[in-house]
Trainee: 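Starting off with a structure, shown below.
Letters A, B, ... mirror the listed sequences (proteins, then strands); counts begin at 1.
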Amino acid sequence: MTVRTRYAPSPTGVPHIGNIRTALFDYLLARRHGGQFVLRIEDTDRTRLDPTALPKIIESLEWLGIAPDEGPGIGGPYGPYIQSERVEYYRGAADRLLAQGDAYECWCSSQRLDELRAELARKKLPPKYDRRCRDDAGRAASRNEAEAEGGGCVVRFKTPLSGEITLHDAIFGDTTFDLATLDDFVMLKSDGFPTYHLAYIVDDEMMKISHVLRGSDWISSAPRHLLIYRALGYEPPVIAHLPQILGSDGSKLSKRHGATSIFEYRDQGYLPDAMFNFLGLMGWSLDDKTEILSREQFIEHFTLERVVKNPAVFNIDKLTWMNGVYIRDMPLDRLVALVAERLDSDLPQSVPRPVDRTTVARIVPLIRERIKLLTEIKEYCDFFFVDDLSYSRDDLLGKAFRDRPADARSALDAAVAAVTGLASFAHDALEARLRVSATELSVKAGDLFSLVRVAVTGRKVTPPLFESMEILGEERCHSRLRDAASKL
RNA sequence: GGCGCGUUCGUCUAGCGGCCCAGGACAUCGCCCUCUCAAGGCGGAGAUCGCGGGUUCGAAUCCCGCACGCGCUACCA
């Protein structure tokens, strides 16, 4: 059997981190078995449609590096891959169910349905449709009312009144549902579009999908789906519900927990490789110790058997740590390109673009183990590019020289002298000279270095000082040290 | 209200009857390294395995109750 999985989002907004995790597992399962991963757009809810969503969905998958094999704009043998272009198939399936007596037209108005639900709620009864249209007499009555008011009809599934049905889930195992607790759900809406329940089943069958992966919040709806597969004579695919991804307070991950959009993470400077690795570990693990896995390792080892059932809280601290790991392990030239790109976009307007790549290549080794996020780049090295440093007198003096600015001033003068006339303006020579100066001035080397650091970089936290000075060059170091001295 | 699912350190997880008075990772704390900050090394603290009953020579692991949490309960997915 060819393994074919699909990621089937609704185009209602920006891709959510939880959906992307599902897409990742779909991708992994397909790759693991040499199958295909398809993208299908489930746009049957015309009221929630966001026309800008499709390109975003594709962009998010490409960014993560899990581009689909088939889908809208990509093509494939089972298109179209957008449900609104497939309504004839759903209509056909509904007609068949109607003809077989597994479904019926329901002409009840939404007003009647609302009243019914209110009534049931008042009596503390489950809010189930009362099946008025299930028999001919009731349906005829409803129809007359509807036609008088110009209302349309929906198609409902004729759920058996008793019996049970068992879901065999690849992750959650078997769950048996009592059919008496189900109601006659809507498959085809009055606007002619299908509901999720009918549409996905028809599509999966036609697109030869072998495995359905979706969030565990769908488990409750699964018995309906099982009923449809049976009525339509389809062999159900392997069904696997995935544990939910939760926010820090244990409820469904949402905006108030922070970023839920995959793009927010991208923009904050998270790398696709780190996100891939992190999301791959949300509900799945290789063993009791492996945290960092390559894409190839994920593909080689991924199995549904090792997916856990319990929901996972999204732990951004761990993602951030992992991002740092990927930054440190990345090939140097790739990091140089990323850093340069970031500086081009983040540095003030006054700095000429593009920034000098040769300089960036010298800076990157100094900052690579200091940054966990790409957004931190600017903080660490803007002083290489920006000329007017803005720091306060207090910053410059620091704790060591707080009460003796005159000493700070002479220290800076000494520093200028010390770094003048060097055979080469190299970090080891600079360090050696300044250490001697510190001794001569009777100040602690660290105190002198801190003073020089702020003078030369404008910041208290920087990459290694002497390497930074070497890159800055003699001229800029001299003028910055003199500027600092003149401030005292 | 009904139905369903889940429950191992703060968080992600390992564990599928004895190797576990529970292992790893993030976060946290301390020490080392050190020009700041990181990174790195070493170490600490942190889970009576939700609770209560069973089964068994032996249970985090099997069974039954309960509690709590979450989900679904739309002509949304």
Trainee: Touch check for Cys108(A), heavy atoms < 4.0 angstrom, all strands: base, sugar-phosphate only, or nothing?
Mentor: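 Counting heavy atoms under 4.0 Å across all strands, the contact made by Cys108(A) includes a base.
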Trainee: Need to verify one output field. Residue with the more 5' nearest nucleotide on RNA chain B, Tyr380(A) or Leu125(A)?
Mentor: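 Comparing both residues, the 5'-ward one is Leu125(A).
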Trainee: Quick check: any donor-acceptor pair below 3.5 Å linking the side-chain of Ser216(A) to the base of G71(B)?
Mentor: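 Answer no: no donor N or O sits under 3.5 Å from an acceptor.
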Trainee: According to the Watson-Crick and G-U wobble definitions, with both distances under 3.5 Å, which nucleotide is paired to C35(B)?
Mentor: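 C35(B) is unpaired by these criteria.
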Trainee: Round to a whole Å and report the spacing from CG of Asp183(A) to P of G2(B).
Mentor: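 For the pair Asp183(A) CG and G2(B) P, the rounded distance is 17 Å.
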Trainee: With a 6.0 Å cut-off (strictly less than), is the heavy-atom count around NZ of Lys309(A), excluding the residue itself, greater than 12?
Mentor: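 No - once you tally the heavy atoms of other residues, nucleotides and ligands closer than 6.0 Å, there are 12 at most.
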Trainee: Between C1' on C75(B) and CZ on Arg91(A), what's the gap in Å once rounded to a whole number?
Mentor: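 The answer, rounded to whole Å, is 13 Å.
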Trainee: Could Asp43(A) and Arg46(A) be called an ion pair, given the rule that one side-chain N must be under 4.0 Å from one carboxylate O?
Mentor: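 Salt bridge flag = yes for Arg46(A) with Asp43(A).
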Trainee: Have a look at Arg459(A) and say if it touches a base, only the backbone sugar-phosphate, or nothing, with a 4.0 Å heavy-atom cut-off.
Mentor: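 It contacts nothing in the nucleic acid.
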Trainee: Check whether Tyr89(A) forms a cation-pi arrangement with Arg91(A) (NZ or CZ under 6.0 Å from the six-membered ring centre, at most 45° off the ring normal).
Mentor: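 That pair does not qualify as a cation-pi contact.
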Trainee: Are the aromatic ring centres of Phe157(A) and Tyr104(A) under 6.0 angstrom apart?
Mentor: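 Centroid separation for Phe157(A) and Tyr104(A): 6.0 Å or greater.
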Trainee: C75(B) base to Ser190(A) side chain: any donor-acceptor pair below 3.5 Å?
Mentor: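 Counting by modelled atom types and ignoring angles, a donor-acceptor contact under 3.5 Å is found here.
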Trainee: Would you call the rings of His225(A) and Tyr200(A) parallel, tilted or perpendicular, taking 30° and 60° as the class edges?
Mentor: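 Plane angle over 60°, so perpendicular.
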Trainee: Any idea which heavy atoms bring Leu373(A) and Ile327(A) closest together, and the distance?
Mentor: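 In terms of heavy atoms, the two residues are closest at N-CD1, 4.1 Å.
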Trainee: Show the distances under 3.5 angstrom between N or O atoms of the protein and N or O atoms of nucleotides 9-12 of chain B.
Mentor:
{"residue": "C12(B)", "atom": "OP1", "partner": "Val313(A)", "partner atom": "N", "Å": "2.9"}
{"residue": "C12(B)", "atom": "O2'", "partner": "Leu281(A)", "partner atom": "O", "Å": "3.4"}
{"residue": "C12(B)", "atom": "O2", "partner": "Lys318(A)", "partner atom": "NZ", "Å": "3.4"}

Trainee: Students often get this wrong, so: under 4.0 angstrom with heavy atoms, is Val308(A) touching a base, only sugar-phosphate, or nothing?
Mentor: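 Sugar-phosphate contact only.
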Trainee: At less than 4.0 Å, is any side-chain N or O atom of Arg306(A) found next to OP1 or OP2 of C16(B)? Yes or no.
Mentor: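 It does not, given that no N or O in the side chain of Arg306(A) lies less than 4.0 Å from OP1 or OP2 of C16(B).
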Trainee: Counting only Watson-Crick pairs (N1-N3 plus N6-O4 or O6-N4) and G-U wobbles (N1-O2, O6-N3), all under 3.5 Å, who is the partner of C66(B)?
Mentor: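 Because both required distances fall under 3.5 Å, C66(B) counts as paired with G50(B).
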Trainee: Using the six-membered ring wherever Trp is involved, compare the ring planes of Phe276(A) and Phe298(A) and label them parallel, tilted or perpendicular (cut-offs 30° and 60°).
Mentor: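 Judged by the thresholds at 30° and 60°, the geometry between Phe276(A) and Phe298(A) is perpendicular.
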Trainee: Need to verify one output field. Residue with the more 5' nearest nucleotide on RNA chain B, Asp178(A) or Glu467(A)?
Mentor: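 So the residue in question is Asp178(A).
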Trainee: Check the distance between A77(B)'s P and Met187(A)'s CE and give it to me in whole angstrom.
Mentor: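 Atom-to-atom, Met187(A) to A77(B), this comes out as 14 Å.
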